[in-house]
Amino acid sequence: YVKCIQDMKRSLENKPFPTYEPDIYYHLGLSYANPELYEDAIEPFTKAIQLCKFEAVYLHERAKAYLLIDEYQLSLEDFNQVINLQPNNPNAYFGRAFAHKNLKNYKDSAFDFEKAKEIDPDNPKLVVNLSLIHI
């Protein structure tokens, strides 16, 4: 991913067309997130969001990064925005459920786990033992 990060940064230095810039920042964020450099991913995702406020995928990736660095409130806020933009996104409910769980909002967590499963009942990745939420 080091080469990819270098290439994305170089692309930004070359002053790309404004319409490409959010996607370059997004892919830079992914290039940091994939090798689990989540804290480094936050800034590029934030820049992509600033340039294109209503792109749910940018918000979703930043929400996941926040979740993985234990910034649960910030993660929750981003997942809320994703759900506002995409009310039938099961992965956003699933991620938000973990943010709620870590904030000790157990009822909200259980609701979101169930909502994710309701939206995509055939997805085995969305199965959670609800009795374990309070752990």
Side-chain angles (χ1 to χ4, degrees):
Y1 293 98
V2 172
K3 176 94 170 88
C4 187
I5 291 167
Q6 291 169 347
D7 288 347
M8 291 294 124
K9 287 182 175 182
R10 198 170 317 114
S11 294
L12 290 166
E13 290 168 3
N14 288 328
K15 299 185 177 152
F17 288 117
T19 54
Y20 296 155
E21 203 170 351
D23 276 340
I24 295 170
Y25 278 114
Y26 167 71
H27 285 93
L28 178 59
L30 290 177
S31 297
Y32 283 118
N34 282 321
E36 300 181 5
L37 301 170
Y38 304 114
E39 288 184 20
D40 294 330
I42 299 293
E43 184 181 341
F45 288 143
T46 299
K47 287 186 180 185
I49 293 163
Q50 289 169 343
L51 294 168
C52 196
K53 294 182 187 338
F54 301 108
E55 186 59 54
V57 71
Y58 302 162
L59 287 159
H60 194 251
E61 291 300 328
R62 187 175 71 176
K64 291 190 309 187
Y66 278 140
L67 188 65
L68 292 165
I69 62 168
D70 303 335
E71 291 286 352
Y72 304 122
Q73 187 60 45
L74 293 171
S75 177
L76 179 68
E77 291 168 15
D78 277 358
F79 278 124
N80 285 339
Q81 289 184 59
V82 174
I83 290 167
N84 261 352
L85 295 168
Q86 298 178 330
N88 291 315
N89 182 333
N91 296 311
Y93 283 99
F94 196 71
R96 188 173 75 171
F98 282 104
H100 277 305
K101 178 187 180 298
N102 286 293
L103 290 168
K104 300 184 182 348
N105 302 333
Y106 300 120
K107 278 179 139 177
D108 292 333
S109 178
F111 174 85
D112 282 350
F113 281 127
E114 288 295 322
K115 184 70 174 177
K117 190 66 180 158
E118 175 187 313
I119 293 169
D120 191 0
D122 298 325
N123 187 340
K125 294 179 182 178
L126 301 178
V127 175
V128 171
N129 183 344
L130 294 180
S131 67
L132 300 176
I133 288 178
H134 292 92
I135 295 174

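Note that these values count all heavy atoms, side chains included, but never hydrogens, waters or copies made by symmetry.
Using a 4.0 Å cut-off between charged nitrogen and carboxylate oxygen, Lys47 and Glu43 count as a salt-bridge pair. Salt-bridge annotation for Lys117 and Glu114: absent, with no side-chain N of the basic residue lying under 4.0 Å from a carboxylate O of the acidic one.
Contacts of Asp70 classified as side-chain hydrogen bond (donor to acceptor under 3.5 Å, both in side chains), with partners at least two apart in sequence or in another chain: Tyr72. Listed by chain and number, the residues in a side-chain hydrogen bond (donor to acceptor under 3.5 Å, both in side chains) with Lys15 amount to none (sequence neighbours excluded). Residues passing the side-chain hydrogen bond (donor to acceptor under 3.5 Å, both in side chains) test with Asp7 are Lys3, Arg10, sequence neighbours excluded. By the side-chain hydrogen bond (donor to acceptor under 3.5 Å, both in side chains) test, Asn123 pairs with Asp120, sequence neighbours left out.
Under a hydrophobic clustering in which Ile, Leu, Val, Met, Phe, Trp and Tyr are joined whenever their side-chain heavy atoms come within less than 4.5 Å, directly or via other members, Leu67 and Leu103 fall into the same cluster. No path of Ile, Leu, Val, Met, Phe, Trp and Tyr side chains, each step under 4.5 Å between heavy atoms, connects Ile42 with Leu59, placing them in separate hydrophobic clusters.
The distance from the CZ atom of Arg62 to the OH atom of Tyr26 is 14.0 Å, given to the nearest 0.5 Å. To the nearest 0.5 Å, atom CG of residue Asn84 and atom CD of residue Gln81 are 7.5 Å apart. Note that CG of Asp23 and OG of Ser11 are 11.5 Å apart. Values are rounded to the nearest 0.5 Å. To the nearest 0.5 Å, atoms CG (Leu74) and CD1 (Ile69) are separated by 8.0 Å. Rounding to the nearest 0.5 angstrom, the gap separating the CG atom in Leu126 from the CD1 atom in Ile119 is 9.0 Å. Separation of atoms NZ (Lys115) and CG (Asp108) is listed at 14.0 Å; rounding is to 0.5 Å.
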TODO: Start with the C-alpha gap between Leu76 and Arg96, add the side-chain angles, then the distance that decides, and say whether side chain to side chain contact (heavy atoms under 4.5 Å, CB included) holds.
DONE: CA-CA 6 Å; Leu76 179 68; Arg96 188 173 75 171; 3.4 Å; yes
TODO: I would like to know whether Asn88 and Tyr93 meet side-chain hydrogen bond (donor to acceptor under 3.5 Å, both in side chains); could you show each step before the answer?
DONE: CA-CA 9 Å; Asn88 291 315; Tyr93 283 99; over 6 Å; no
Open item on the list: Working note: Leu30 + Phe45, criterion side chain to side chain contact (heavy atoms under 4.5 Å, CB included); need CA distance, chi angles, decisive distance, verdict.
Closed with: CA-CA 8 Å; Leu30 290 177; Phe45 288 143; 4.1 Å; yes
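Among all heavy-atom pairs drawn from Pro22 and Ala48, the shortest one is O-CB, 3.4 Å. Considering all non-hydrogen atoms of both residues, Gln50 and Lys53 come closest at O-NZ, 3.6 Å. Here the closest heavy-atom approach between residue Ala63 and residue Asp78 is recorded as CB-CB, 3.5 Å. Nearest heavy atom pair, residue Ala92 against residue Phe79, reads O-CD2, 3.6 Å.
Residue Val2 is found outside any hydrophobic cluster, as its side-chain heavy atoms come under 4.5 Å of no other Ile, Leu, Val, Met, Phe, Trp or Tyr. Taking Ile, Leu, Val, Met, Phe, Trp and Tyr as hydrophobic and joining them when side-chain heavy atoms fall under 4.5 Å apart, one finds Leu37 in a cluster with Ile5, Met8, Leu12, Phe17, Tyr20, Ile24, Tyr25, Leu28, Tyr32, Leu51.
Listed for the Ser31 side chain is a donor-acceptor partner under 3.5 Å among the backbone atoms of His27. Judged by distance alone, the side chain of Asn89 and the main-chain N or O of Asn91 form a donor-acceptor pair under 3.5 Å.
Considering only heavy atoms from C-beta on, His100 stays 4.5 Å or farther from Phe98 through its side chain. No side-chain heavy atom of Tyr58 sits less than 4.5 Å from a side-chain heavy atom of Val82.
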